[in-house]
*Asks:* 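Pasting a structure here, questions to come.
Below, chain A is the first sequence line, B the second, and so on; all start at residue 1.
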Amino acid sequence: GAGVSQSPSNKVTEKGKDVELRCDPISGHTALYWYRQRLGQGLEFLIYFQGNSAPDKSGLPSDRFSAERTGESVSTLTIQRTQQEDSAVYLCASSFSPGATSEQFFGPGTRLTVL
Amino acid sequence: AQRVTQPEKLLSVFKGAPVELKCNYSYSGSPELFWYVQYSRQRLQLLLRHISRESIKGFTADLNKGETSFHLKKPFAQEEDSAMYYCALENTGGFKTIFGAGTRLFVKA
């Protein structure tokens with residue numbers, strides 16, 4: 001079966017523009033995670049969804065970041081008024097259920113470059 | 001504060017030599033610990049997790065609560081082990097996974 005997919009694979013935008021990043025999880029996976037990876041750094045947890053709900057949004061870097069999930073499937077991460085420091089690879093992962101007993105499967109990532 | 005530290009950005013060993021990738025964590029409770037690996041041009045994937053007590057591709061990792069460490073070891077490195085390795089912890093009862101900055105392992109022929 002298909003793994004986690006993300007689109008676009010690459011996005012170049014100008015400072016101040018809004019961007020939307022999409023994640024399609026593995027079918028049947030109830031948990032979905034978003035991470036950010038800046039160059040030379042580890043993954044930074046942003047948010048996770050259990051079904052369509054996000055119990056903990058404290059990882060979002062600022063109020064310019066928002067995320068939603070619909071139909072317990074597709075998720076969209078939106079960054080408003082992008083800044084150069086938003087440049088990073090944004091990774092999405094899904095798992096059958098949340099928690100350490102369920103393996104997270106990662107997508108290929110979206111490389112965002114803010115000029 | 002919850003933190004995962006991987007002190008080595010790059011580790012280079014010869015094929016057949018033992019390898020140890022260091023990971024130290026800071027967490028007040030009992031975390032769940034993981035090692036993830038990313039091979040060239042591939043996705044990040046789970047290598048092993050503490051709760052499973054498993055050995056994958058010859059790698060093992062032992063949790064040392066006294067030293068708050070979860071080092072990844074393999075007795076005889078292979079060229080195909082060359083990759084980026086990330087140590088991670090998940091807080092018990094929550095679903096936030098915290099990653100270290102990663103160690104690039106290069107196994108020379």
Side-chain angles (χ1 to χ4, degrees), chain A residues 1-6 9 23-26 29-51 53-61 67 69 75 88-111, chain B residues 1-10 21-27 29-54 56 61 63 70 72 83-104:
Chain A
V4 178
S5 61
Q6 292 184 247
S9 55
C23 172
D24 285 85
I26 293 172
H29 279 193
T30 63
L32 185 147
Y33 308 79
W34 282 100
Y35 298 90
R36 177 171 72 177
Q37 185 173 29
R38 289 184 165 135
L39 188 64
Q41 299 185 22
L43 279 72
E44 176 188 1
F45 173 87
L46 297 179
I47 191 171
Y48 93 93
F49 288 89
Q50 171 57 31
S53 300
D56 182 1
K57 300 181 180 179
S58 63
L60 294 175
R69 188 181 185 195
S75 176
V89 175
Y90 290 81
L91 288 167
C92 174
S94 71
S95 63
F96 182 73
S97 60
T101 59
S102 189
E103 178 179 351
Q104 292 185 35
F105 293 85
F106 283 82
T110 293
R111 182 176 299 278
Chain B
Q2 301 168 16
R3 181 172 294 181
V4 176
T5 303
Q6 294 180 251
E8 302 141 328
K9 287 199 169 184
L10 174 66
L21 289 86
K22 291 183 168 46
C23 172
N24 289 89
Y25 66 90
S26 172
Y27 183 66
S30 294
E32 298 298 342
L33 288 150
F34 308 81
W35 277 98
Y36 284 82
V37 61
Q38 188 166 26
Y39 301 102
S40 180
R41 298 191 185 88
Q42 294 188 27
R43 303 180 182 198
L44 189 64
Q45 59 186 287
L46 179 67
L47 178 63
L48 59 79
R49 46 189 155 184
H50 165 245
I51 58 172
S52 300
R53 303 285 197 271
E54 57 205 344
I56 303 294
L63 175 61
F70 189 58
L72 183 68
M84 194 75 180
Y85 291 81
Y86 295 93
C87 182
L89 76 80
E90 185 173 297
N91 55 336
T92 307
F95 309 112
K96 180 177 179 178
T97 306
I98 299 165
F99 285 80
T103 297
R104 181 167 296 283

*Asks:* Where does A:Q37 contact chain B at under 4.5 Å (heavy atoms): side chain, backbone, both or neither?
*Replies:*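 Interface part for A:Q37: side chain.
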*Asks:* Is A:Y33 in contact with chain B via its backbone, its side chain, both, or neither, using a 4.5 Å heavy-atom distance?
*Replies:*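 The answer is the side chain of A:Y33.
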*Asks:* Nearest 0.5 angstrom please: B:H50 NE2 to B:L89 CG, how far?
*Replies:*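 Rounded to the nearest 0.5 Å, the NE2-CG separation comes to 12.5 Å.
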*Asks:* For the residue pair A:H29 and A:F96, does the interplanar ring angle fall in the parallel (under 30°), tilted (30 to 60°) or perpendicular (over 60°) class?
*Replies:*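 Ring orientation of A:H29 relative to A:F96: perpendicular.
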*Asks:* Looking at B:R3, I want to see if its CZ is surrounded by more than 12 non-hydrogen atoms of other residues, nucleotides or ligands under 6.0 Å.
*Replies:*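 Incorrect, the count does not exceed 12.
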*Asks:* So what's closer than 4.5 Å to chain A heavy atoms on B:I98: side chain, backbone, both or neither?
*Replies:*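 For B:I98, no heavy atom lies under 4.5 Å from chain A.
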*Asks:* Given the options A:S58, A:S95, A:G42, which has more heavy-atom pairs under 4.5 Å with chain B than any of the others?
*Replies:*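 Ranked by contacts with chain B, first place is A:G42.
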*Asks:* If you count every heavy atom of other residues, nucleotides or ligands that lies below 6.0 Å from B:R43 atom CZ, does the total exceed 12?
*Replies:*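 Counting other residues, nucleotides and ligands, CZ of B:R43 exceeds 12 neighbours.
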